[in-house]
Asker: 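Below is the structure I would like to discuss, written out as structure tokens.
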Amino acid sequence: MMYSFATAVNRKNTDSIKYDFAGRMGYPADILPLWVADMDFPSPPEVLGALETRVRHGIFGYSDDAGPEYFGALSAWYRERFGWELSPEWLVKTPGVVFAVSAAIRALTREGASVLIQPPVYYPFARLISENGRKPAVNPLVYKDGRYSIDFSDFEEKIRQNRVKLFILCSPHNPVGRVWRQEELAAMGEICLKYNVPVVSDEIHADFVSPGRRHRVFASLRPEFSDLTVTCTAPTKTFNLAGLQISNILISNGELRDRFRHEVERTGCGLPNAMGLVACRAAYAHGGPWLEELKAYLLSNLSFVRQFLSERLPRVRLVEPEGTYLIWLDCRELGLSDCELKERILYKAGLWLDDGPMFGPGGAGFQRMNIACPRAVLKEAMERLAGAFSGLPES
């Protein structure tokens, strides 16, 4: 292997929200954090080299991509990996996908409108809907026999009943790890077309898909789907660049794009981060080999967790992920309330995970864990988890 992912890097005292903000939450200072979707691996050397070159230049004025290299690297990545052909005019850059989702909610709906989500789902969605004066409508995912699926009858009924004006699709789905099949995406798309509901498709985890699975860009399935979709992409999850605040929002419909761009400009965030531009271009141009080795390492981490749970924590069940580097743990057989579960994980295990209830309906009794860390760190986390749950009576 050309790259090593086994070496632990000390991230404390680097202004990391993952490592340095436990005190603000009232958590133990030495807690082991595996919560936020932020990897404990340095970004690809090719990206670091490009950033170092830019730093040596020494001037960091207002910036945007001035030539074809940025879009060329982005479009080649999506063409080669997802079979999606992009046009330059589709691109709107923003500081992040959460920022983009918030802007899209304001741009494409009026106050008081209903926005559909599929919980348990990435928790900022519901918050952004409410904080922007809209109403969340929910199409809960169905959990059966260890796997999640979509209730399409309920999906359509919730759109009709609530007069939904926008649907936020999470693909691959965070936290349950589903990589939606083409027929599932098509079924949702047909319903959205029927009721003229625009789609904000958060596809930030698209590069992390299990062997045998394929991520399909929702907007690429049919021109009619593309015409109603705001596709949110970013290199930040893939290459661990979140702090550089760069995302690429792709909108083929000119009217939707103009409304979205106007809302972005209205916030005062019209220009991207200079270092984010450099990092994104280098990542998509040169980061492919690094990513392939990273995915192999993450698969081995997942195998370790699967075996550990089977041997040491059989009452904690892994919801088998089809994508992302986040795992969704079903802890309901432990017989603990959500409060008891959280307290035991925080203060007995000394672990910081994401509590299931924050992801909305269907999240009770679950925990989300980030396994994008060196194996030694993951092993320590699992040992702590086993110790925290030892001695519990059978439920």
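Count residues from 1 along the sequence. Quantities reported herein were computed from a predicted structural model and do not represent experimental measurements.
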Asker: Just by modelled atom types, is the Pro321 backbone N or O under 3.5 Å from a matching donor or acceptor in the Ser210 side chain?
Answerer: yes

Asker: Tabulate below the donor-acceptor pairs under 3.5 Å that side-chain atoms of residues 375-385 make, not counting sequence neighbours, or state none.
Answerer:
from	atom 1	to	atom 2	distance (Å)
Arg375	NE	Asn301	OD1	2.7
Arg375	NH2	Ser300	O	3.2
Arg375	NH2	Ser300	OG	2.7
Arg375	NH2	Asn301	OD1	3.3
Glu380	OE2	Arg384	NE	2.9
Glu383	OE1	Arg312	NH1	3.4
Glu383	OE1	Arg312	NH2	3.0
Glu383	OE2	Arg312	NH1	3.2
Arg384	NH1	Gly350	O	2.7

Asker: Donor-acceptor check, side chain of Thr233 to backbone of Asn248, threshold 3.5 angstrom: yes or no?
Answerer: yes

Asker: Under a 3.5 Å distance rule, please check whether Ser303 uses its side chain to pair with a backbone N or O of Leu299 as donor and acceptor.
Answerer: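 Confirmed, Ser303 side chain pairs with Leu299 backbone.
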
Asker: Check whether more than 12 heavy atoms from other residues, nucleotides or ligands sit under 6.0 Å from atom CZ of Arg222, and answer yes or no.
Answerer: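 More than 12 within 6.0 Å, yes.
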
Asker: How close do Leu185 and Phe225 get, counting heavy atoms only, and between which atoms?
Answerer: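 Leu185 and Phe225 have their closest heavy atoms at O-CE1, 4.5 Å.
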
Asker: Considering non-hydrogen atoms only, spot the tightest contact between Tyr3 and Pro45 and give its length.
Answerer: CE2-CD, 3.6 Å

Asker: Specify the closest pair of heavy atoms between Ile246 and Pro235, including all atoms of both residues, with the distance to one decimal.
Answerer: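 Minimum heavy-atom separation between Ile246 and Pro235: O-CD, 3.6 Å.
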
Asker: Specify the closest pair of heavy atoms between His205 and Ala37, including all atoms of both residues, with the distance to one decimal.
Answerer: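 Answer, listing the atom of His205 first, then Ala37: CE1-CB, 4.5 Å.
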
Asker: Rounded to the nearest 0.5 Å, what separation is found between the CZ atom of Phe366 and the CG atom of Leu329?
Answerer: 9.5 Å

Asker: Are side-chain N/O atoms of Gln118 and His173 paired as donor and acceptor at under 3.5 Å?
Answerer: no

Asker: Under 4.5 Å between any side-chain heavy atoms of Tyr325 and Leu302, yes or no?
Answerer: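 No. Closest side-chain heavy atoms not under 4.5 Å.
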
Asker: Has Ser87 got a side-chain atom pairing as donor or acceptor with Glu89's backbone, closer than 3.5 angstrom?
Answerer: no

Asker: Can you tell me if Ser247 uses its side chain to pair, donor with acceptor, with the backbone of Thr94 under 3.5 Å?
Answerer: yes

Asker: Begin with the C-alpha distance, continue with both residues' side-chain angles, and end with the deciding distance and a verdict on side chain to side chain contact (heavy atoms under 4.5 Å, CB included) for Phe125 and Cys170.
Answerer: CA-CA 10 Å; Phe125 290 172; Cys170 196; 4.0 Å; yes

Asker: Just checking Gln161: does its CD atom have more than 12 heavy atoms from other residues, nucleotides or ligands closer to it than 6.0 angstrom?
Answerer: yes

Asker: Given Pro140, which of Ile117, Asp154, Asp151 fulfils the side-chain contact (heavy atoms from CB on, under 4.5 Å) condition?
Answerer: Asp154

Asker: What distance separates Arg56 CZ from Thr53 OG1, expressed to the nearest 0.5 Å?
Answerer: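 Rounded to the nearest 0.5 Å, the CZ-OG1 separation comes out at 4.5 Å.
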
Asker: Show the numbers, then the answer: is there a side chain to side chain contact (heavy atoms under 4.5 Å, CB included) between Asp64 and Lys93?
Answerer: CA-CA 9 Å; Asp64 206 342; Lys93 293 181 286 297; 2.9 Å; yes

Asker: May I ask you to say whether Glu320 pairs ionically with Arg213, meaning some side-chain N is under 4.0 Å from a carboxylate O?
Answerer: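 Looking at Arg213 together with Glu320, the answer is no, because their closest N to O distance does not fall below 4.0 Å.
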
Asker: Roughly how far, to the nearest 0.5 Å, is the CE atom of Met188 from the OG atom of Ser201?
Answerer: 8.5 Å

Asker: Please confirm whether the backbone N or O of Thr109 pairs with a side-chain atom of Arg134, one donor and one acceptor, at under 3.5 Å?
Answerer: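 Such a contact is found between Arg134 side chain and Thr109 backbone.
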
Asker: Would you please name every residue forming a side-chain hydrogen bond (donor to acceptor under 3.5 Å, both in side chains) with Asp227, sequence neighbours left out?
Answerer: Asn253

Asker: Are Leu250 and Leu91 packed together at the side-chain level, in the sense that at least one heavy-atom pair is separated by less than 4.5 angstrom?
Answerer: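 Leu250 reaches Leu91 side chain to side chain.
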
Asker: Output a table of donor-acceptor pairs, distance under 3.5 Å, between side-chain atoms of residues 95-106 and any protein atom two or more places apart or on a different chain; print 'none' if there are none.
Answerer:
from	atom 1	to	atom 2	distance (Å)
Ser102	OG	Arg106	NH1	2.7
Ser102	OG	Asn132	ND2	3.1
Arg106	NE	Glu263	OE2	2.7
Arg106	NH1	Ser102	O	3.4
Arg106	NH1	Asn132	OD1	3.3
Arg106	NH2	Glu263	OE2	3.4

Asker: Check whether any side-chain heavy atom of Ile327 lies under 4.5 Å from a side-chain heavy atom of Leu318, and answer yes or no.
Answerer: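 Yes. Closest side-chain heavy atoms under 4.5 Å.
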
Asker: Is a donor on one side and an acceptor on the other found under 3.5 Å between the side chain of Glu293 and the backbone of Met2?
Answerer: yes

Asker: For the CG atom of Leu294 and the CG atom of Asn240, what is their distance to the nearest 0.5 Å?
Answerer: 9.0 Å

Asker: Between Arg147 and Glu322, is there a salt bridge with N-O shorter than 4.0 Å?
Answerer: yes

Asker: Can you see which heavy atom on Ala282 is nearest to which on Ala50, and at what distance?
Answerer: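 Smallest heavy-atom distance, with atoms named: CB-CB, 3.7 Å.
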
Asker: Assess, by modelled atom type and distance only, whether the side chains of Tyr19 and Asp40 contain a donor and an acceptor separated by less than 3.5 Å.
Answerer: yes

Asker: Phe41: which residues meet the ring pair (Phe, Tyr, Trp, His ring centres under 6.0 Å) condition with it, sequence neighbours left out?
Answerer: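 Here the qualifying residues are Phe5, Tyr297.
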
Asker: Can you check whether Tyr70 reaches Tyr284 side chain to side chain, under 4.5 Å on heavy atoms?
Answerer: no

Asker: Share the residues that join Val9 in a hydrophobic cluster, the rule being Ile, Leu, Val, Met, Phe, Trp or Tyr side chains under 4.5 Å apart at the heavy-atom level.
Answerer: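 Noted: Val9 shares its cluster with no other residue.
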
Asker: Run the side chain to side chain contact (heavy atoms under 4.5 Å, CB included) test on Leu166 and Leu116 for me, step by step, so that the C-alpha distance in whole Å, both residues' side-chain angles and the decisive distance to 0.1 Å come before the verdict.
Answerer: CA-CA 6 Å; Leu166 185 69; Leu116 186 68; over 6 Å; no

Asker: State, yes or no, whether a side-chain contact exists between Trp180 and Leu169 at a heavy-atom distance under 4.5 Å.
Answerer: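 In short, these two side chains touch, coming nearer than 4.5 Å.
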
Asker: Do Arg257 and Val92 have side chains that approach each other closer than 4.5 Å (heavy atoms only, starting at C-beta)?
Answerer: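 Arg257 vs Val92: side chains touch.
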
Asker: Do we see a donor-acceptor contact under 3.5 Å between the side chains of Gln367 and Asp355?
Answerer: yes

Asker: Compute the centroid of each ring, for Trp90 and then for Tyr78, and state whether the two points are separated by less than 6.0 Å.
Answerer: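 No - the distance between ring centres of Trp90 and Tyr78 does not fall below the 6.0 Å cut-off.
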
Asker: If every non-hydrogen atom of Cys373 is compared with every non-hydrogen atom of Leu34, which pair is closest and at what distance?
Answerer: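 The pair with the smallest heavy-atom distance is SG-CD2, 4.1 Å.
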
Asker: For residues Pro120 and Val176, determine if any side-chain heavy atom of one lies less than 4.5 Å from a side-chain heavy atom of the other.
Answerer: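 Yes; the side chains approach each other to less than 4.5 Å.
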
Asker: Between Asp20 (side chain) and Asp15 (backbone), is there a donor-acceptor pair under 3.5 Å?
Answerer: yes

Asker: Mind checking the CZ-NZ spacing from Phe167 to Lys158? Nearest 0.5 Å is all I need.
Answerer: 12.5 Å

Asker: Between Asn370 (side chain) and Trp35 (backbone), is there a donor-acceptor pair under 3.5 Å?
Answerer: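 Answer holds: no.
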
Asker: Between Asp207 and Thr238, does any side-chain donor sit less than 3.5 Å from a side-chain acceptor?
Answerer: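 Result is yes, a qualifying pair exists.
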
Asker: Is any side-chain heavy atom of Leu336 closer than 4.5 Å to one of Cys331?
Answerer: no

Asker: Do other residues, nucleotides or ligands put more than 12 heavy atoms under 6.0 Å from the NZ atom of Lys295?
Answerer: yes

Asker: Answer yes or no: is there a donor N or O on one side and an acceptor on the other, between the side chain of Arg54 and the main chain of Ile59, under 3.5 Å?
Answerer: yes

Asker: Mind checking side chain to side chain contact (heavy atoms under 4.5 Å, CB included) for Pro28 and listing every partner two or more places apart, or none if nothing turns up?
Answerer: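 Once residues adjacent in sequence are excluded, the partners of Pro28 under the side chain to side chain contact (heavy atoms under 4.5 Å, CB included) criterion are Asp30, Ile31, Tyr347.
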
Asker: Output the distance between atom CZ (Arg368) and atom OH (Tyr122), rounded to the nearest 0.5 Å.
Answerer: 7.5 Å

Asker: Taking the basic N atoms (NZ, or NE/NH1/NH2) and the acidic carboxylate oxygens, is any pair closer than 4.0 Å for Arg317 and Asp330?
Answerer: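 No, Arg317 and Asp330 are not salt-bridged.
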
